[in-house]
Amino acid sequence: MTTRRLPRGRPRLTSDDREIRRLAVPAFLALVAEPLFLLGDAAVVGHLGTRELAGLGIAGTVLQTIVGLCVFLAYGTTAGVARQLGAGRRTAALAQGVDGLWLAVVIGVPTTVVGILLTGPMVAALGPGAAVAAEAEIYLRIALLGVTPLLVMLAATGVLRGLQDTRTPLVVAVVGNVVNLVLNVVLVYGVGPLPHLGIAGSALGSVLAQVGCAAALVLVVVRAARREGASLRPDAPGIRTAARAGVPLLVRTLTLRASLLVTTYAVVLTAQSTADEAVPIATHQLAMTLWTFLAFVLDAIAIAAQAITGRHLGAGDVAATRAVTRRMVGWGVVTGVATGVALAAASPVLGVLFTTDDAVRRALVPVLIVAALAQPVAGVVFVLDGVLIGAGDGTYLAWAGLAVLGGYAPLVLGAAVVTDDWVGGGLPWLWAVFGLVFMGGRFVTLTRRAASDRWLVTGADR
């Protein structure tokens with residue numbers, strides 16, 4: 001495809017660029033808004049104290065793991081719905097989407113019950129001290145009530161993305177996060193007759209906002225299904241099919257979450273030898289929260305990749321799939337460089353936004369510099385991950401994830417054993433292992449697969 005040029009020599013956007021932008025820009029804004037649920041909590045809770053912030057870090061890791069394992073509800077639904085849409089089967093696309101919503105409920109309700117019962121053991125598994133663990137348990141028990149709404153949000157968002165609609169999730173995400181921030185401030189510190197609930201108020205505010213977001217997204221999907229004549233009733237075979245299709249993506253996601261859990265465990269392991277374990281844990285929490293924020297920014301192109309790749313392959317157009325993949329990888333590199341430069345430049349002042357603890361602020365700067373260096377690689381990784389998810393290549397992603405985890409876990413745990421000088425180099429070294437081994441391993445496995453033809457399977461069904 002040729003590229004026309006403006007009189008001043010700047011290239012015009014190609015049709016692929018315009019389509020990527022149409023899907024990615026709203027997805028970018030929505031994905032920026034999503035981690036604000038945690039950023040908002042961190043900003044509010046951080047001013048309660050370092051122990052509360054460290055407790056939020058532990059609870060957030062557990063909660064993100066539980067919900068993150070079910071991200072296949074969004075990714076698998078996006079790919080499946082997009083394939084059906086590309087094949088001209090809109091009613092079947094919405095029926096498949098409704099099956100995804102029911103699957104979210106089937107998974108979410110028992111997960112909530114079991115999670116509340118096992119809150120103490122889950123927090124204890126990460127090894128924090130008694131003071132930090134107490135704050136983490138308070139937050140987590142309440143926040144688990146939002147698991148089912150969060151899973152429903154994932155599935156409904158996947159349906160809309162598969163239908164090439166990323167604007168509606170944007171609107172819901174923005175409104176939801178504004179409500180979340182307001183509720184956090186009101187419930188944590190108390191306004192007027194309302195009591196001061198502390199960290200519990202932060203969890204409660206997030207749950208209330210999540211319920212509202214889930215209800216809004218389900219309403220949009222239900223209306224679309226009714227227009228197309230798709231059934232809204234639970235369809236057991238359809239739910240089972242959606243569950244089977246999600247297993248490889250679940251394994252893939254499990255390996256990613258396990259890598260993050262191992263990283264947090266490595267941090268806690270080394271923190272136990274420090275004078276105040278809350279400082280390194282809180283520093284890592286802030287760094288990982290910012291990393292997640294930037295990961296969602298990069299994931300915007302991956303979301304477009306899922307929707308576009310699924311649609312092109314559903315229509316049987318391999319050439320278009322290849323062409324748009326090249327364009328999306330280019331956008332991923334550019335975005336990764338931009339986020340890396342921005343993170344490095346802002347590293348000296350970001351700590352001020354989240355904590356008053358000078359030790360945490362000092363420790364945070366070198367960690368963010370290391371994280372910034374990994375952003376260009378992350379840009380490619382996220383895009384190709386989205387392309388292969390959109391192609392339904394979940395089995396390969398699962399095996400690749402297991403291979404990367406197998407190499408990363410012993411190295412990061414080994415690094416935790418030999419490093420103990422947090423401000424001088426310990427925590428930045430752990431993050432260097434994270435960037436070089438974990439992200440580097442994903443880069444190698446994904447680029448090798450994308451260069452082959454094995455993932456280019458066409459048709460309405462994978």
Side-chain angles (χ1 to χ4, degrees), residues 22-23 26-27 30-31 34 67 70-109 147-173 176 210 213-250 253 302-315 386 389-392 394 459-462:
R22 179 181 66 82
L23 293 173
L31 289 169
E34 284 183 27
V67 176
C70 297
V71 74
F72 68 86
L73 290 167
Y75 291 171
T77 303
T78 296
V81 170
R83 273 187 178 267
Q84 297 288 352
L85 186 69
R89 301 169 58 181
R90 188 176 179 86
T91 300
L94 281 159
Q96 189 167 339
V98 171
D99 291 338
L101 293 179
W102 283 111
L103 179 60
V105 175
V106 169
I107 294 173
V109 173
V147 166
T148 300
L150 281 169
L151 299 192
V152 171
M153 287 169 61
L154 286 176
T157 298
V159 176
L160 296 173
R161 289 172 180 169
L163 295 173
Q164 317 295 294
D165 175 13
T166 55
R167 292 182 180 273
T168 300
L170 165 62
V171 174
V172 173
Q210 289 154 6
C213 290
L217 289 171
V218 168
L219 180 61
V220 174
V221 174
V222 166
R223 286 178 174 174
R226 285 177 174 170
R227 284 196 301 268
E228 298 296 329
S231 174
L232 299 176
R233 295 180 180 179
D235 177 53
I239 295 173
R240 286 195 297 269
T241 298
R244 284 194 299 270
V247 169
L249 289 179
L250 174 61
T253 304
I303 296 303
Q306 293 173 26
I308 296 172
T309 300
R311 195 185 78 238
H312 281 326
L313 291 178
I389 289 173
D461 301 303
R462 167 79 189 202

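Closest heavy-atom contact between A156 and V218: CB-N, 4.4 Å. In terms of heavy atoms, T77 sits closest to G100 at OG1-CA, 4.4 Å. Heavy atoms only, all atoms of each residue included: R83 and A391 are closest at NH2-O, 3.1 Å. The shortest heavy-atom contact between V81 and V159 is CG1-O, 3.9 Å. Here the closest heavy-atom approach between residue A82 and residue Q164 is recorded as CB-NE2, 4.1 Å. In plain terms, the two heavy atoms of A304 and L23 that are nearest each other are CB-CB, 3.9 Å.
Contacts classified as side chain to side chain donor-acceptor pair (under 3.5 Å) and involving residues 238-247 (residues at least two apart or in different chains) are given here: T241-R244.
Separating the CG atom in L232 from the CZ atom in R226 is a distance of 5.5 Å, to the nearest 0.5 Å. Taken to the nearest 0.5 Å, the CZ atom of R90 stands 7.5 Å off from the CZ atom of R227.
For P248, the side chain to side chain contact (heavy atoms under 4.5 Å, CB included) test picks out T395, with sequence neighbours left out.
Of the possible polar contacts, one joining the T91 side chain to the E228 backbone as a donor-acceptor pair under 3.5 Å is found.
Contact annotation: the side chain of I239 approaches that of P234 to within less than 4.5 Å [non-hydrogen atoms, C-beta and beyond]. Contact check for I303 versus T78: no side-chain heavy atoms found under the 4.5 Å cut-off.
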Requested in this report: Decide yes or no on side-chain hydrogen bond (donor to acceptor under 3.5 Å, both in side chains) for Q306 and R161, but give the supporting numbers first.
Outcome: CA-CA 8 Å; Q306 293 173 26; R161 289 172 180 169; 5.0 Å; no
Requested in this report: Run the numbers on R233 and D235 for side chain to side chain contact (heavy atoms under 4.5 Å, CB included), then give the verdict.
Outcome: CA-CA 6 Å; R233 295 180 180 179; D235 177 53; over 6 Å; no
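In the displayed structure, R167 atom CZ is contacted under 6.0 Å by at most 12 heavy atoms of other residues, nucleotides or ligands.
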